Student: 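One structure coming up, written as structure tokens, with questions to follow.
Nothing here was measured: the structure is a model prediction, and the numbers come from that model. Both counts, for ligands and for their atoms, begin at 1 and track the order of listing. Just so you know, residue 1 is the first one in the sequence shown, and it goes up from there.
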Amino acid sequence: MTETPSRVDLTTITSLCKRRGFLFQSSEIYGGLGSTWDYGPLGVELKRNVKDAWWRAFVWGRDDMVGLDAAILMHPDVWRASGHVESFNDPLVECRDCHQRWREDQLSEAKCPACGGELTEPRMFNLMFETYLGPVKDDASIVYLRPETAQGIFVNFSNVLTATRRKLPFGIAQIGKAFRNEITTGNFIFRTREFEMMEIEYFVKPDEGEEWYRRWVEESRRWYADLGVNEARLRVRDHDPAELSHYSIATSDIEYLFPWGWGEIQGIANRTDYDLRAHSSGSGEQLTYFDNETGQHITPYVIEPSAGVDRAVMTFLTDAYTEEQAPTASGKLERRVLLKLHPALAPVKVAVLPLSRNERLTPLAREVHDKVRRSDAIRGLVQYDDAQSIGRRYRRQDEIGTPLCVTVDFDSLDDHAVTIRERDSMAQVRVPIEGLVAAIKERLPG
Ligand code: ATP
């Protein structure tokens, strides 16, 4: 495959995100907390839209899936049975000179990437955050912040099965926060210690595991492509046997070509019956499925598509970033920055812009804004903006990825029509205010 270099560098994306209110550094006025980020007014919309698009595609859009929202804190035995207390480790090495710490498996050479110094022998470092349940801080009250949402699904397997009377194959989907005390973080929201996951545990008959695994790899990849991600910047990478996690017999990563190179945005694993068996023996509850056809209790295999919400946000933002030369109203060419976000993801769906701030135009523009904003047909933010020239307002909306701008001008007072301007093509079309909501809906897929 020929590599399509990413168009934008990390600094450009990071500063756009801060300037326009997608992301802020956490606790910034106190100097910030290492690699933790807060989603601002636009970021929170984008992130919600990503999660909604995922839920629509994989839960509402299918008849073999149900949802779950399990607690972050779980009984500590869950993590003993799952193998996380024992094996959820990364190899930590420290530089003997500058004392920086690194993840050994991410180093290309056996020396400190910062100063070239000698490194210590690796020691295994457990990534789970610990805290205490209740007022007494002793070993008996230790609980963990979950490092993945998956275990909440496994321990509820029988509850869901009994409540929903599902037949194999079926899946349980969940979106929620996860925490990992990563040794090194960085690349903006790509690797943080607190992040959000969108996970599916898909239960199948053991002999159908391989087939479903392949299907889920392709369906997962397609989700990003369907939401507009350039397929030349997406690839599937199969893990070598030596790379596999303790629970997996096959894993593939979906990777995106970020400004710094290929990075994992989602993993798909064939976890076999490892987890259900582990929790059956850990809890004493038999987490099995009664197969009517054979009259036997079986332990299903599990295929797990596991995606990071923040990495998906990062992918959509990076991929959508575009710079081009575009004509201004006077015909002069000017640099235009736009986010070509899929309309389903765009934080602001429509901006209503009076041609100028004017006592005759403002009431009509406000009326148009209310009409669009209150319509059930448009799911998302509808902004009103009358500050500065219309050209600058178009550019401001382009830069945050708003698919449609509606302009109310002086002709609107007579012909009761407005202009819809489309972000990517900048094409403009005149529509009657009466049919405006329908015209917008037609142009906003998803
Ligand atoms: P990596 O190899 O990058 O550490 P991983 O293989 O440990 O990732 P998984 O356990 O497969 O990651 O987690 C599933 C998904 O969760 C990843 O594909 C990624 O999108 C997301 N994810 C994992 N760790 C982080 C993190 N520290 N920050 C943000 N997202 C993360």
Student: What do we get for Glu255 next to ligand 1 when only non-hydrogen atoms under 4.0 Å count, side chain, backbone, both or neither?
Tutor: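 The answer is neither; Glu255 stays 4.0 Å or more away.
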Student: Strictly below 4.0 Å, N to O, side chains only: are Glu182 and Arg103 in salt-bridge contact?
Tutor: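 Salt bridge between Glu182 and Arg103, a charged N being under 4.0 Å from a carboxylate O: yes.
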Student: Atom 22 (N) of ligand 1: which protein heavy atom is closest, and how many Å away?
Tutor: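 Answer for atom 22 (N) of ligand 1: Phe195 CE1, 3.5 Å.
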Student: Using a 4.0 Å heavy-atom cut-off, say whether Glu148 meets ligand 1 through its side chain, its backbone, both or neither.
Tutor: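 It is neither; nothing of Glu148 touches ligand 1.
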Student: For ligand 1, is any non-hydrogen atom under 4.0 Å from Asp310's backbone (N, CA, C, O), its side chain (CB onward), both, or neither?
Tutor: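 Contact part for Asp310 vs ligand 1: neither.
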Student: Please write down residue, atom name and distance for the protein heavy atom closest to atom 18 (O) of ligand 1.
Tutor: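 In this structure, atom 18 (O) of ligand 1 has Glu264 OE2, 2.6 Å as its nearest protein heavy atom.
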Student: Tell me which protein heavy atom sits closest to atom 7 (O) of ligand 1, plus the residue, atom name and distance to 0.1 Å.
Tutor: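 Sorting protein heavy atoms by distance from atom 7 (O) of ligand 1 puts Arg180 NH1, 3.1 Å first.
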Student: Mark up the atoms of ligand 1 that fall under 4.0 Å of a heavy atom belonging to Ile265, in ascending order.
Tutor: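 This gives 18 (O), 20 (O) as the contact atoms.
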Student: As an exercise, identify every atom of ligand 1 less than 4.0 angstrom from a heavy atom of Gly267.
Tutor: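 Close to Gly267: 18 (O).
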Student: Which part of Arg193 is near ligand 1, with near meaning a heavy atom under 4.0 Å away: side chain, backbone, both or neither?
Tutor: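 Neither; no heavy atom under 4.0 Å.
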Student: Is it the case that more than 12 heavy atoms not belonging to Asp138 sit under 6.0 Å from its CG atom?
Tutor: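 Above 12, so yes.
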Student: For atom 4 (O) of ligand 1, which of the options Gln106, Glu304, Arg191 provides the nearest non-hydrogen atom?
Tutor: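 Checking each option, the heavy atom nearest atom 4 (O) of ligand 1 is found in Arg191.
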Student: What residue among Ile298, Thr272, Thr299 forms side chain to side chain contact (heavy atoms under 4.5 Å, CB included) with Pro206?
Tutor: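 It is Ile298, the one option of Ile298, Thr272, Thr299 that forms the side chain to side chain contact (heavy atoms under 4.5 Å, CB included) with Pro206.
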Student: For atom 29 (C) of ligand 1, what's the nearest protein heavy-atom neighbour? Residue, atom name and distance, please.
Tutor: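 That would be Phe190 O, 3.1 Å.
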Student: Is a side-chain donor or acceptor of His369 paired with a backbone partner of Val382 at a separation under 3.5 angstrom?
Tutor: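 Confirmed, His369 side chain pairs with Val382 backbone.
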Student: Heavy-atom pairs closer than 4.0 Å: do any link ligand 1 to the side chain of Gln266, the backbone, both, or neither?
Tutor: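 The backbone, only.
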Student: Please compare Arg311, Glu243, Met197 and report which has the shortest non-hydrogen distance to atom 16 (O) of ligand 1.
Tutor: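 Checking each option, the heavy atom nearest atom 16 (O) of ligand 1 is found in Met197.
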Student: Parallel, tilted or perpendicular, judged at 30° and 60°: which one describes the rings of Trp79 and His84?
Tutor: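 Trp79 and His84: perpendicular rings.
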Student: Around atom 21 (C) of ligand 1, find the nearest protein heavy atom and jot down its residue, atom name and distance.
Tutor: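 Going atom by atom, the protein heavy atom closest to atom 21 (C) of ligand 1 ends up being Gly308 CA, 3.7 Å.
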Student: Going by ring-ring contact (aromatic ring centres under 6.0 Å, His included), Trp223 matches just one of Trp216, Trp55, Phe316. Which one?
Tutor: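 So, applying the ring-ring contact (aromatic ring centres under 6.0 Å, His included) to Trp223 and each of Trp216, Trp55, Phe316, only Phe316 qualifies.
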Student: Verify, without hydrogens or angle tests, whether Thr318 (side chain) and Met314 (backbone) share a donor-acceptor contact under 3.5 angstrom.
Tutor: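 It does hold such a pair.
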Student: I'd like to know if the side chain of Asp319 and the backbone of Asn230 have a donor-acceptor N/O pair within less than 3.5 Å.
Tutor: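 Such a contact is found between Asp319 side chain and Asn230 backbone.
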Student: Measuring from atom CG of Leu168 to atom OH of Tyr202, what distance do you get when rounded to the nearest 0.5 angstrom?
Tutor: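 One gets 9.0 Å once the value is rounded to the nearest 0.5 Å.
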Student: Answer yes or no: is there a donor N or O on one side and an acceptor on the other, between the side chain of Asp238 and the main chain of Ala250, under 3.5 Å?
Tutor: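 Checking the backbone N and O of Ala250 against the side chain of Asp238, no donor-acceptor pair under 3.5 Å is found.
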Student: Less than 6.0 Å separating the ring centroids of Phe203 and Phe157?
Tutor: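 Yes.
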Student: With a 4.0 Å cut-off on heavy atoms, does Arg103 reach ligand 1?
Tutor: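 It does; at least one heavy atom falls under 4.0 Å.
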Student: At what distance is the nearest protein heavy atom to atom 28 (N) of ligand 1, and which residue and atom is it?
Tutor: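 Closest protein heavy atom to atom 28 (N) of ligand 1: Thr192 N, 3.1 Å.
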Student: Starting from atom 14 (C) of ligand 1, which protein heavy atom do you reach first, and at what distance in Å?
Tutor: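 For this ligand atom, the closest protein heavy atom is Ser306 OG, 3.1 Å.
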